[in-house]
Amino acid sequence: MTPAMPNSALPSRKLLTSALSLVATLALLLALCWYLDLTPSSFEMDGSFLFDLTQQFFPPRFSLYWNHSSLLWLSVLDTLSMAFLATVCGGAIAMALAFLAASNTTPHPVVRLAVRSLLVMQRSIPQLIVVLVLLLAVGIGPFAAVLTLLIGSVGMFGKFFADAIEQVDKGTSESVQSLGSTKLQTIRYAILPQVLPSFVANLFYAFDNNLRAAIPLGVFGGGGIGFQLAVAHDLLHYHDVMAYTLLIIVMIAVMERVSDWVRRGIITQPASSHA
Amino acid sequence: MLSVENIEVTLPNGKRLVDNISFTVARGEFVAILGSSGAGKSLTLRCIVGLTQPSHGNISILGETGKTYSTTNVDAKGLRRARRHIGLIFQGANLVKRLTVLENVMLGRLGFISPLRSCLIGFKDAEARDAMVALDRVKMAPFAARLAGSLSGGEMQRVSIARAIHQRPLIYLADEPISSLDPKNAEAIMGILQPLSRETPVVGAFHQPAMVAKYCTRAIGIRGGKVVYDGSPDLSPRQLENIYSGSDGDPIPMPALSEQTPIGPSPFFVQPASHQAPRDLGHGAPN
Amino acid sequence: MATSLFPSATAAVEPPFLEWRTRLVRQRWRQVATGGTIALLVAITAWRCQVNLASFLLGIDKGVPIFGLFFPPDWASLPSMLKPMLVTLVLAMIATILGIVLSVPCALGASSNLAPTPIRLILRFFIALERGLPEVVQILILVAVFGLGVIPALIALSLSSIGMLAKLLADAIEEIDPNMLEAVAGTGATTIQVIRYAIIPHILPALLANGLFRFEFNVRAGVILGAIGGGGIGYIMRSDMLTLDYQAACMATLLTLSMVFATERLSDFLRARILDGGQMRRGRQRRSIAGAAAQ
């Protein structure tokens with residue numbers, strides 16, 4: 001006398017359903033691929049291809065690292081500068097806009113709405129279009145990339161900062177206000193100290209993001225090591241390409257550690273509040 | 001039928017955590033192993049199931065057809081074969097929370113299913129029906145399609161017993177199965193284990209002498225890695241004291257089968273100062 | 001006079017006040033130093049990045065009319081852009097699926113509680129590499145090998161998806177309660193069975209949720225990679241810009257925006273369903289889950 005068991009719990013039934021859905025999804029995917037001509041016929045990979053690959057890219061042209069006329073290290077500096085500048089200025093602008101976009105610090109609800117929509121727009125527009133337009137406007141070079149990164153950072157962090165400001169503990173700001181201070185003073189003494197630590201932590205995260213994003217922007221013409229990489233690639237100097245690639249890997253890894261270290265150094269210091 | 005012979009577990013510094021423990025368990029027995037934490041009872045259970053290898057000794061399980069399974073001095077395959085015939089019940093149930101109750105029970109027979117079939121196809125309908133019978137025995141059949149993570153502690157423990165039942169083992173091993181349950185659920189679990197023990201022996205580590213006296217057929221007391229008592233489960237306070245308050249060294253925190261053994265003296269027993277002579281607690285006066 | 005009347009009082013007040021004042025002064029110095037360093041760094045980086053007011057104003061001067069050239073978007077080109085948009089979507093889908101499927105063995109081999117150390121180190125290195133190297137750089141190398149087209153973009157996206165998902169999975173696997181694994185192994189199950197029935201059900205919801213999140217990212221990255229020759233709508237966008245067909249580029253942008261937006265909504269919806277459905281399908285209240293989880 002087996003107790004009752006719903007048919008849907010039977011293993012064979014479950015197996016059937018999952019197998020069917022798997023097959024259906026695969027069929028759909030394959031159909032789409034065939035429709036879009038995404039066939040693996042371009043996948044001609046035999047042994048000689050791999051050999052070609054290794055021969056083309058290795059050994060990397062390490063002489064670029066110590067050749068005085070190469071722009072390698074300057075371009076690294078450029079990329080780092082782009083990320084740093086965009087983070088610092090973008091962070092400042094984002095902070096200012098965030099105060100306008102938070103319900104407890106905004107001068108007027110209409111302003112809040114306007115700024116919030118502006119931030120959403122900045123977040124959504126693909127960086128690709130922005131950089132292409134800016135390249136036309138201000139010319140090739142790091143300036144276009146910095147502006148693109150700036151817009152992206154403001155969009156990403158303005159919203160976050162605004163939310164953080166709105167979630168601040170009301171008690172502190174009310175007590176400061178009850179002393180008869182102006183709105184600006186309330187912001188400075190009650191809200192800012194509470195929000196500053198997470199601001200700073202996010203700035204480090206933003207720097208890391210911007211550093212990674214600066215490289216593709218450089219490829220499109222934005223200067224820095226991405227630009228050098230693209231130039232070498234177009235000239236078919238693949239040994240140079242590999243040298244740049246290895247440097248990029250090291251740069252990103254090192255900067256992650258450094259910013260971790262700096263951030264930890266700042267956190268362990270007593271939080272500086274304006275006395 | 002379980003046979004434990006001269007088990008010894010020694011630390012690198014020479015200290016013996018399990019010192020020459022031997023006992024046999026026959027059909028129809030419900031054996032309770034008592035002892036304070038660190039006395040070596042959890043370690044003994046771990047040795048039986050092969051999670052710890054004793055430095056000396058032999059553990060073997062005799063099957064119906066005369067075949068013997070051993071968890072000592074065997075390779076991984078032999079160990080797996082032996083484990084199929086041991087039903088484990090942990091203190092914390094240890095179900096896979098993201099699977100349904102029924103699937104958790106069916107896991108019991110994984111040792112008997114080929115890896116290929118279990119990974120590609122899964123379980124058969126017949127196995128599901130057997131699992132339902134096991135669930136019914138612990139009165140959890142209505143919960144079959146529920147996710148294991150949505151059950152309460154007592155319910156999860158019952159499901160883990162069902163998993164062990166589904167395994168159709170030669171012996172059940174329980175590591176403090178009722179220690180984290182409230183009294184009502186604890187009684188329910190013991191009420192399931194007792195009839196179970198009449199067909200297949202159950203060996204369990206317990207901290208609750210009252211429950212042991214009520215349900216078990218035999219008690220083994222372990223202190224300082226040695227067997228100090230083996231007999232009727234109805235223990236007098238003096239005998240309990242003898243088992244628990246040994247001054248044979250400090251209790252060393254050892255991982256239980258499931259690392260949730262409470263560290264410290266038995267909660268049902270007020271510990272006298274260890275350097276005083278044991279008093280007759282019949283007068284009922286604590287320190 | 002006051003000092004002689006209340007000597008003990010002033011003696012008690014002086015040192016704390018001095019201490020506070022020196023602390024304040026030191027703090028001010030620290031703030032000035034930090035601010036000064038940052039300002040200096042900003043100046044240096046601004047110089048390196050060729051930031052100057054003149055080109056900025058010139059840029060606005062040039063940029064605004066260009067911006068006007070984008071509108072109105074060229075609706076006529078919409079039908080011809082649908083297929084490339086689908087290409088980018090399918091590309092992102094395949095890359096995500098490959099990422100989900102292949103990240104499981106990668107993560108299993110990268111977990112400290114499962115894998116032998118040499119394999120674990122190699123896989124962890126691979127994961128770190130894939131996460132550290134931007135997809136754009138990867139595709140440039142792959143284009144040199146495979147030529148232009150969807151394949152290099154697919155490979156680059158799949159590899160970095162595997163990297164990201166495998167890292168999350170490996171960390172989750174390392175945190176699994178070993179008691180649960182011991183319980184399943186105690187029935188005599190082989191390691192593969194333990195993985196299939198104890199580990200995989202545990203990580204599956206997280207894997208799917210993260211996979212969906214990665215899908216969103218892959219769609220956006222697919223657009224960028226497309227622009228470097230990978231095909232799809234990114235390629236259309238870039239080539240339209242290069243041929244000065246700004247209205248078509250605007251149309252492509254609008255399409256991209258709607259695609260990304262739709263993807264985000266879909267992903268959010270599916271993720272909410274996964275994370276909620278995994279917790280309490282036809283079950284009890286939350287408190288018994290909390291109670292059971294506390295066991």
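Please read all numbers here as calculations on a predicted model, not as lab measurements. Only heavy atoms go into these numbers, but all of them, side chains included; no hydrogens, no water, no symmetry mates. Every chain is numbered from 1, with letters handed out A, B, ... down the list of sequences.
The two atoms that bring B/L88 and C/G186 nearest to each other are CD1-CA, 3.7 Å, heavy atoms only. Summarising the geometry of B/R46 relative to C/E182, their closest heavy-atom pair is NH2-OE2, 3.9 Å, with the distance given to 0.1 Å.
Expressed to the nearest 0.5 Å, how far OG1 of C/T190 lies from CG of B/L116 amounts to 10.5 Å. Interatomic distance, C/M180 CE to B/K97 NZ, rounded to the nearest 0.5 Å: 7.5 Å. A distance of 8.0 Å separates CD1 of C/I200 from SG of B/C119, quoted to the nearest 0.5 Å. In this structure, OG1 on C/T187 lies 10.5 Å from CZ on B/R80, to the nearest 0.5 angstrom.
Residue C/Y235 qualifies as open at atom OH: its count of foreign heavy atoms under 6.0 Å is 12 or below. Under a cut-off of 6.0 angstrom, the local environment of CD1 in C/I192 is sparse, with at most 12 non-hydrogen atoms contributed by other residues, nucleotides or ligands. Remark: C/F125 CZ is loosely packed, at most 12 non-hydrogen atoms of other residues, nucleotides or ligands lying under 6.0 Å away. C/K83 NZ: more than 12 foreign heavy atoms inside a 6.0 Å radius. A 6.0 Å sphere centred on CZ of B/F23 holds more than 12 heavy atoms belonging to other residues, nucleotides or ligands.
For B/L107, the parts lying under 4.5 angstrom from a heavy atom of chain C are both the backbone and the side chain. For chain C, the nearby part of B/R163 is the side chain; its heavy atoms alone come within less than 4.5 Å. At a 4.5 Å heavy-atom cutoff, the contact between B/L95 and chain C is made by backbone atoms alone. Using a 4.5 Å cut-off between heavy atoms, B/T71 makes no contact with chain C at all.
Between the C/Y197 side chain and the B/N104 main chain, no donor and acceptor come within less than 3.5 Å of each other. A donor-acceptor pair under 3.5 Å links the side-chain atoms of C/Q193 to the main chain of B/I113, judged by distance alone.
The shortest side-chain heavy-atom distance between B/S118 and C/R196 does not fall under the 4.5 Å cut-off. Within the 4.5 Å cutoff, the side chain of C/L181 has no heavy atoms near those of the B/N94 side chain.
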